[in-house]
Protein chains: 2
Amino acid sequence: MPYKEKEIEKLYYTIGEVAAMLKLNASQIRFWDKQFEIIKPHKNKNGNRLFTTKDIEAIAKVNELINEKGFTIQGARQYLEQSPEMFDDKREQAIAYLRLLKEKLLGLKDAK
Amino acid sequence: MPYKEKEIEKLYYTIGEVAAMLKLNASQIRFWDKQFEIIKPHKNKNGNRLFTTKDIEAIAKVNELINEKGFTIQGARQYLEQSPEMFDDKREQAIAYLRLLKEKLLGLKDAK
DNA sequence: GAAGCCAATGCCATACAAAGAAAAAGAAAT
DNA sequence: ATTTCTTTTTCTTTGTATGGCATTGGCTTC
C-alpha cells in the first residue's frame, strides 16, 4: 500500500484545516457548530474538534446560505430543516470533489 | 352600481390601511419603503404615501421573505432581483454548490 | 510555541420602534 | 358655513435592542 493513499483516506480534519479550506475564521466555525445541528464534529479526548467531510459540506452549505444567499442564522436553520433530502442528494456528488479537495490540501501541507 | 364596487375600485391606500391589512406597523412599512425599490408608493403634496395594490403585494412579499423565510434585508433584496425559479430549483442549486466548492479548491491551490 | 479549547466581553451593522412635529379629520359651538 | 378644539394619522429623525461574529484571556495539549 503506497504512502499517499493512506493520507487521501484521511477521515478527520482539524478546525484550522477546515478554516483554511473554506477561508473562514475558526471562531466562526465554532460559533456555527453551536448554532447548527448538522455540524457535529467528533471530539478527541482533549476536546478538539474532528471534522468529517460531511461536516465540511455542512459548513460550506451554511456559509453559502448566510454569506451568499443572505439568510439569518435562524433562517438558514429553518431552511436546512425543511430540505434535508436535497442536502443528502448532493452528498454523493460532492464527495468526488471533496476527494480532490483533500489531495490539494495535502499538497499544501507538504509544501510548508 | 352597488356600493361595494366603489370600494373595490379604490386606487390608493394610506399607510395605516396597508398596515392594518397586513398586520404590520406603519414604521416598518416606511422602513421597507426605504430599503426596497419595488415598494414605490406615490406621495401627495404633503408627502403622505399612497400605496397601490402592486405596492401592497410587494410589501407582502418582503414580509414573507423576512419574517417567514428568514432572510436579511439585503438577502431579500438580492432574492427579489434574481429569478426566483433558479433559487428554488434544487438541481440548479446543487450544481452551484459544487461549483462553489470547486472554486474554493482552486482558490486554495492558487493561493500558495 | 503553535494550535486547540471555552467563556466572557466587545463591537458594529441590522432592523426596527419611539419621539416629536405637523397636518388632516371629526365633533361642537357660534 | 366657519371657527375652534380635540383626536388621529402621518411624516422624518434619532434611539436602541438584538444578531452575528471577533477578540481577548486563561488554560491545556502536542
Side-chain angles (χ1 to χ4, degrees), chain A residues 10-52 55-56 58-80 105 108-109 111-112, chain B residues 10 12-52 55-56 58-80:
Chain A
K10 186 173 178 180
L11 285 178
Y12 297 116
Y13 297 85
T14 67
I15 199 168
E17 288 173 328
V18 176
M21 213 184 286
L22 302 179
K23 294 181 182 172
L24 296 170
N25 191 312
S27 73
Q28 191 168 3
I29 293 173
R30 280 187 209 104
F31 177 72
W32 285 349
D33 181 14
K34 281 187 196 167
Q35 301 301 318
F36 294 91
E37 291 193 355
I38 60 163
I39 302 171
K40 41 189 170 195
H42 292 104
K43 293 197 178 185
N44 65 15
K45 346 167 182 174
N46 303 320
N48 290 18
R49 290 171 176 78
L50 301 172
F51 297 88
T52 62
D55 291 315
I56 296 171
I59 294 167
K61 181 64 184 174
V62 166
N63 186 44
E64 181 200 339
L65 292 175
I66 291 181
N67 291 326
E68 294 178 28
K69 294 276 163 69
F71 281 92
T72 62
I73 297 275
Q74 103 117 335
R77 206 184 283 134
Q78 192 177 307
Y79 179 94
L80 290 169
L105 207 107
L108 176 66
K109 282 181 72 180
K112 278 190 169 179
Chain B
K10 188 171 179 179
Y12 295 116
Y13 297 84
T14 67
I15 198 167
E17 288 172 329
V18 177
M21 215 182 282
L22 301 179
K23 294 181 181 173
L24 297 170
N25 80 34
S27 69
Q28 193 165 2
I29 293 173
R30 274 183 217 107
F31 177 72
W32 287 348
D33 181 15
K34 281 187 198 166
Q35 302 301 318
F36 294 92
E37 292 195 354
I38 59 165
I39 302 172
K40 41 190 171 193
H42 293 104
K43 291 197 178 185
N44 64 17
K45 324 153 195 195
N46 194 41
N48 290 16
R49 292 170 177 79
L50 302 171
F51 297 87
T52 63
D55 291 316
I56 296 171
I59 295 167
K61 183 66 183 174
V62 167
N63 186 43
E64 181 198 339
L65 292 175
I66 291 181
N67 291 326
E68 292 177 30
K69 295 272 166 70
F71 281 92
T72 61
I73 297 276
Q74 117 109 326
R77 208 182 283 134
Q78 196 175 307
Y79 176 95
L80 289 170

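Convention: sequence-line order gives letters A, B, ...; per-chain numbering from 1.
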Inset, instruction - Using a cut-off of strictly less than 4.0 Å, decide whether A:Asn48 has a side-chain nitrogen or oxygen near OP1 or OP2 of C:dA3. - result: no
Legend entry - Integer-rounded Å distance: C:dT14 P and B:Arg77 CZ: 9 Å
Inset, instruction - Could you tell me how the ring of B:Tyr79 sits relative to the ring of B:Phe71: parallel (under 30°), tilted (30 to 60°) or perpendicular (over 60°)? - result: tilted
Inset, instruction - Apply side-chain contact (heavy atoms from CB on, under 4.5 Å) to A:Ala26 and list each qualifying residue two or more places apart in sequence or on a separate chain. - result: A:Ile15, A:Arg30
Inset, instruction - Grab the CZ-P distance between A:Phe71 and C:dA15 for me, whole Å please. - result: 14 Å
Legend entry - Among C:dC16, C:dA15, C:dC5, the one nearest A:Ile15 by side-chain distance: C:dC5
Inset, instruction - Let me know the distance between CD of B:Gln35 and C1' of C:dA13, rounded to the nearest Å. - result: 12 Å
Inset, instruction - Can you tell me the distance, in whole Å, between the CD atom of A:Gln28 and the P atom of C:dC12? - result: 17 Å
Legend entry - Range on DNA chain D touched by chain A, heavy atoms, distance below 4.0 Å: D:dG20 to D:dC30
Inset, instruction - Report which part of the nucleic acid B:Lys43 touches: base, sugar-phosphate, or nothing (heavy-atom distance under 4.0 Å, all strands). - result: sugar-phosphate
Inset, instruction - For DNA chain D, list all stems, counting runs of three or more consecutive pairs where every pair is Watson-Crick or G-U wobble with both distances under 3.5 Å. - result: C:1-30 with D:1-30
Inset, instruction - Tell me what B:Arg30 touches on the nucleic acid: a base, only sugar-phosphate, or nothing, going by heavy atoms under 4.0 Å. - result: base
